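Please read the structure below before turning to the comments.
All values reported here derive from a predicted model rather than from experimental measurement.
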Amino acid sequence: MKNIFKYSLALLTVVLGFASCDSEKDANYEPAAASGSQVYFSNETPATVNITKDATSFSIPVLRVNTAGDLSVAITATDESGIFTIPSSVSFKDGESEAALTIGYDPTKLEYDDYKTIAISINDEQLKTLYGMSTITFNVGIKSPWVSLGKGAITDDIVASIFSVPNYTWAVEIEENAIQPGFYRVLNPYTADYPLLAEDEDGEFTVSKDPHYLYIHAEDPEAVYIELFATGLTLNADYGEISFQSLGNYFLTQQGKTLEEIKAAGYVGTLKEGVITFPVEGLLWGMALYKTGEAVNFANSSGLFSIVLPGYSMKDYSVGVEFNGIYTNLAGEAYAVANVELGADATNAKAVVMTADVDESAVADALASGELEGVSVNAGANNIRIAEDMIGSLKIIVAVIDEGEVKDYASTKFEYYGGASNPWKSVGTGYYTEDYIISYYGQKDDDGNFIPYDPVTYEVEIEENSDTPGLYRMKNAYAKLAAMFNETGGDKDIVVHAEIPTGVYILMQGTGVDFGKGEFGIESYGGYLISQNSDAPVADVVNYFTGKFGTLENGTITFPTITSKDETQFQGYLYANGQLFYYGGTTLASKIVLPTASASVKAKAKKRAAAADFARRLHNMSNANKAAKSSRALLISKKVKAVKR
């Protein structure tokens, strides 16, 4: 500033000339010192002031040159947001060169990264100074604690669980909370990037353009949970927006459980090696039609939901197995030959031969814990020992294990009779009218009444036991039904006892179908009576309970109508995970047409299987079958109570 004055003075002398030059002092003129208090704002005041959610005020420094005496300085402020409380003056005490202008605010009225502009001025001309700013303008806001980690990936098993669509995987933006490490959020996971939308030619799904954040608590990597999340994804106006949460969050927020309690109960997910996963049925879904805010229907039915953090990748622990025959060595020991396929990270796999009716998951866990001894297998052909006492329907189970934990498992069925001929001989193709699982699902009519789906008829291969005439089994009886729901499974055979043509029954047995409730099993009412009177000869039970068993006549097996105490009509029972679950055959249509039936009977069955509305029914099932569960739940709970086992 001093040099500027010197330069200005030099210009003046050029114009006016020098009057005189009596001394050196006259040639080096210095301006007079400014008078007054000289109040100003520091030029170091930041252009952006970051405040926090846990405070209610911040301060701006005001300075003065002359520190003598107490001084009150009037302040003029401009705040178009109206959020901030700015004093009309600032006060200095005697001897102080700096005072704080304290500005108040309500943190609840401020959003992250939404900065507001404030201007403050010193208006008294006598107090201003040439050496500092009398007006400053700055932005004030709360900086978001969320820091982008980059692109990760999500694999859906929410929409897939509801509508039986593929478990798509796609890239998503993931952020972490800088204040709370392990607290993540995913920006708009279900947007136009969700691959399902590209294949939705009918436009049944729509996506909101508003920001949607999926919040994930992984502060404890062994106790991960997801807050209730409205996806912004909507299935037409009838169903509304889809939402979901983790099972753990439900118990935390709606049942009052602690984090340690839900962790101990196994209601949580885990974060391992950058990958967040949840157990089967560890997530819950809802839709507007079915009380979105509650989200209490089981999702993650295949256990494939995952979120991969940026910088990590999902390890490939996949496994597949195919039966390739029987090998017998010189010592007479029998081995099942299996072709095994292993993912890149599946470096530890063990296999064992078990009976076909075992719980594969339990076997895999036993292999991992060492409770069950298995043989280590590699990719390609492997020989797996068959125990001497194992004959009949068997299966090879292969489990991929890492650090004592099952990562994946697979199985394949085969039959072995210790060198003897297989007693099961195919008698050809018949037709099965399924009315156990299908009638559990349905839709609501306009009055809110539940209407079960019509039974479905499809072809099945049927075998008869040469050692026990009249003993039949339907091969892979539920595979086609599973396919109708866009599911895998259903590869179990259903054995039908028709040794007594007037006393046909089906004992309780698994179907190999799991729609999120555990494996479904079926049992005819006659089968229930046989199991309840297992000490008595079958013929005696059939004769005693006349009219309660199925009949085989002209190559067709039909089952009678049973009426419960609550007036429900049914033909048998539906089980889930071996537990009585619901009535079976509620539309009273369960039927088996054997290959030995007359041509006219088989033609009618074939016509039913190829009915014109068949495709329509399947479309409806794939889009709404599981949505009906929530409305079905109360009906089921009431009716099951009336059934006494």
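- Rounded to the nearest 0.5 Å, atoms OG1 (T429) and NZ (K475) are 13.0 Å apart.
- One finds a salt bridge joining D493 and K413 here, because a Lys/Arg side-chain nitrogen approaches an Asp/Glu carboxylate oxygen to under 4.0 Å.
- L394 is listed as a side-chain neighbour of I386, based on a closest heavy-atom distance under 4.5 Å.
- For the pair S524 (side chain) and I506 (backbone), a donor-acceptor distance under 3.5 Å is present.
- Under the ring-ring contact (aromatic ring centres under 6.0 Å, His included) test applied with Y267, the options Y250, F278, F251 reduce to a single match, F251.
- Atoms CD1 and CZ, from I562 and F545 in turn, are 10.5 Å apart once rounded to the nearest 0.5 Å.
- One distance of note links CD1 of I226 with CD of Q245; it measures 10.0 Å at 0.5 Å rounding.
- Taking the six-membered ring for Trp and the full ring otherwise, the centers of Y432 and Y478 sit less than 6.0 Å from each other.
- With rounding to the nearest 0.5 angstrom, the CD atom of Q255 is 11.5 Å from the CG atom of N249.
- Smallest separation of non-hydrogen atoms from S361 and Y409: CB-OH, 3.5 Å.
- Between the side chain of T551 and the backbone N or O of E553, no donor-acceptor pair lies under 3.5 Å.
- One N or O on the side chain of T258 and one on the backbone of E261 form a donor-acceptor pair closer than 3.5 Å.
- Closest heavy-atom contact between L507 and E523: C-CG, 4.2 Å.
- For the pair N300 (side chain) and P279 (backbone), a donor-acceptor distance under 3.5 Å is present.
- Contact detail for T556 and V601: the closest heavy-atom pair is OG1-CG1, 3.4 Å.
- Between P423 and D467, the shortest heavy-atom distance links the atoms CB-OD2, 3.5 Å.
- Taking every heavy atom of both residues into account, I396 and A336 meet most closely at CD1-CB, 3.8 Å.
- One finds the OG atom of S393 at 9.0 Å from the CG atom of D357 (value rounded to the nearest 0.5 Å).
- Classification of the Y573-Y575 ring pair by plane angle, with boundaries at 30° and 60°, yields perpendicular.
- Taking a cutoff of 4.0 Å between a charged side-chain nitrogen and a carboxylate oxygen, K407 and E405 qualify as a salt bridge.
- Checked by atom type, the side-chain pair Y458/E434 shows no donor-acceptor distance below 3.5 Å.
- Side-chain N or O atoms of N533 include one that pairs as donor or acceptor with a backbone N or O of L529 at under 3.5 Å.
- In terms of modelled atom types and a separation under 3.5 Å, the side chain of S161 and the main chain of S301 share a donor-acceptor contact.
- Put simply, the side chain of D540 never gets that close to the backbone of A536: no donor and acceptor are under 3.5 Å apart.
- Between F570 and Y583, the angle of the ring planes lies from 30° to 60°, which puts this pair in the tilted group.
- Environment of OH in Y417: crowded, with over 12 heavy atoms of neighbouring residues, nucleotides or ligands closer than 6.0 Å.
- Ion pairing between E464 and R473 fails under the 4.0 Å rule for side-chain N and carboxylate O.
- A donor-acceptor pair shorter than 3.5 Å cannot be found between the side chains of S306 and T277.
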Go through L228 and T253 one step at a time and tell me if the side-chain contact (heavy atoms from CB on, under 4.5 Å) criterion holds. CA-CA 9 Å; L228 181 62; T253 60; over 6 Å; no
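- Counted within 6.0 Å of CG on N554, heavy atoms from surrounding residues, nucleotides or ligands total 12 or fewer; the atom is thus considered open.
- Of all the heavy atoms in I262 and K257, the pair that sits closest is CG2-CB, 3.8 Å.
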Let me see the working for Y440 and F581 under ring pair (Phe, Tyr, Trp, His ring centres under 6.0 Å), right down to the final yes or no. CA-CA 10 Å; Y440 166 61; F581 182 63; 5.3 Å; yes
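- Separation of the Y436 and Y582 ring centroids does not fall under the 6.0 Å cut-off.
- In the displayed structure, E341 atom CD is contacted under 6.0 Å by at most 12 heavy atoms of other residues, nucleotides or ligands.
- By the 4.0 Å N-to-carboxylate-O rule, E360 lies close enough to K395 to be salt-bridged with it.
- In terms of modelled atom types and a separation under 3.5 Å, the side chain of K602 and the main chain of P595 share a donor-acceptor contact.
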Set out, in order, the CA-CA distance, both residues' side-chain angles and the distance that settles side-chain contact (heavy atoms from CB on, under 4.5 Å) for V353 and F414, then state yes or no. CA-CA 10 Å; V353 173; F414 69 99; 3.9 Å; yes
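- Side chains of D435 and T587: a donor-acceptor N/O pair is present below 3.5 angstrom, by distance only.
- We find the CD-CD distance between E461 and E463 to be 5.0 Å, quoted to the nearest 0.5 Å.
- Judged by distance alone, the side chain of K492 and the main-chain N or O of G489 form no donor-acceptor pair under 3.5 Å.
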Before giving the answer on side-chain hydrogen bond (donor to acceptor under 3.5 Å, both in side chains), spell out for Q571 and Y525 the whole-Å C-alpha distance, their side-chain angles and the decisive distance to 0.1 Å. CA-CA 6 Å; Q571 292 178 307; Y525 189 71; over 6 Å; no
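- Under the 3.5 Å distance criterion, the side-chain polar atoms of S369 are matched with a main-chain donor or acceptor of A366.
- Remark: E388 CD is loosely packed, at most 12 non-hydrogen atoms of other residues, nucleotides or ligands lying under 6.0 Å away.
- Remark: the T568 side chain and the D566 side chain contain an N/O donor-acceptor pair separated by less than 3.5 Å.
- N167 and D157 share a side-chain donor-acceptor pair at under 3.5 Å.
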Worked check of side-chain hydrogen bond (donor to acceptor under 3.5 Å, both in side chains) between T457 and T433: CA-CA 4 Å; T457 300; T433 300; 2.9 Å; yes
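- Counting heavy atoms from C-beta outward, Y431 and E459 have side chains that approach closer than 4.5 Å.
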Stepwise side-chain contact (heavy atoms from CB on, under 4.5 Å) test for V398 and K350: CA-CA 6 Å; V398 181; K350 291 187 176 182; over 6 Å; no
